Amino acid sequence: MKKTRSAVAAAIILVLALALSACVPSRDACKTKYENAGYTTTPLSANTLELSGEDVDFIYCGVREASSDYIRVVAFKKKDKATEYAELMNIENTGEGAYIVEQHGKVVLVGTQNALDIYNNKGGLVEDGSDSDAGGEETAE
């Protein structure tokens with residue numbers, strides 16, 4: 001009976017660990033998605049954003065010159081650090097013309113609606129300048 005309980009507990013822990021580790025997208029896959037949409041991507045160091053390198057997994061920003069769209073993707077190692085950063089970014093990005101801030105687990109996004117839509121697989125602006133029909137809704141800015 002004890003062996004069965006231990007095996008079930010170990011299986012549950014393994015499933016949870018796999019599910020939680022899948023929450024952070026790979027740097028290269030995410031970066032490639034933006035490059036394919038016409039963005040120029042640049043890696044950033046944690047120090048550039050006044051963050052600790054021990055807290056951050058990776059950071060990069062993407063800019064699409066043709067549409068002035070922007071995205072900053074900050075992937076943290078722990079969710080609580082991501083939450084702190086998202087709260088700070090929400091304070092800094094208030095008012096007219098400010099960037100949108102979204103938190104997805106350990107990842108914080110700061111950018112324009114089109115750029116966030118690409119991250120969220122809702123379409124966004126594609127390279128030829130037309131809106132993608134990948135299931136997203138258009139949002140007036």
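For reference, positions follow the sequence shown, starting with 1. Only a predicted model underlies this, so the values are computations on that prediction, with no experimental measurement involved.
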Shortest non-hydrogen separation from [X] to [Y] and the atoms involved:
X   : Y    : result
A82 : G105 : CB-O, 3.7 Å
D57 : K77  : N-CG, 4.1 Å
Y34 : A115 : OH-O, 2.5 Å
F76 : V108 : CE1-CG2, 4.1 Å

Q.
Give me each pair satisfying side-chain hydrogen bond (donor to acceptor under 3.5 Å, both in side chains) with a member in residues 84-97, each pair once, sequence neighbours excluded.
A.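 Sorted pair list: R72-Y85.
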Q: Might you work through the side-chain contact (heavy atoms from CB on, under 4.5 Å) test for L51 and I59, ending with a clear yes or no?
A: CA-CA 10 Å; L51 297 169; I59 304 171; 4.3 Å; yes
In Å, rounded to the nearest 0.5 Å, how long is the span from [atom1] of [X] to [atom2] of [Y]?
X    : Y    : atom1 : atom2 : answer
Y119 : K33  : OH    : NZ    : 7.5 Å
E35  : D28  : CD    : CG    : 9.0 Å
L109 : I100 : CG    : CD1   : 10.5 Å
I71  : T112 : CD1   : OG1   : 7.0 Å

Q) Do D69 and Q113 have side-chain N/O donor and acceptor atoms under 3.5 Å apart? A)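 No.
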Q. Which residues pass the side chain to side chain contact (heavy atoms under 4.5 Å, CB included) test with K79, sequence neighbours left out?
A.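 Scan of K79 (side chain to side chain contact (heavy atoms under 4.5 Å, CB included), adjacent residues dropped) gives T83, Q103, K106.
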Q: For side-chain contact (heavy atoms from CB on, under 4.5 Å), just list the numbers for R64 and S67, CA-CA rounded to whole Å, side-chain angles, deciding distance to a tenth of an Å, and then say yes or no.
A: CA-CA 6 Å; R64 187 168 192 280; S67 63; 3.5 Å; yes
**Q.** From V74, T42, V73, L44, residue fulfilling side-chain contact (heavy atoms from CB on, under 4.5 Å) relative to Y60
**A.**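 Among V74, T42, V73, L44, the one meeting side-chain contact (heavy atoms from CB on, under 4.5 Å) with Y60 is V73.
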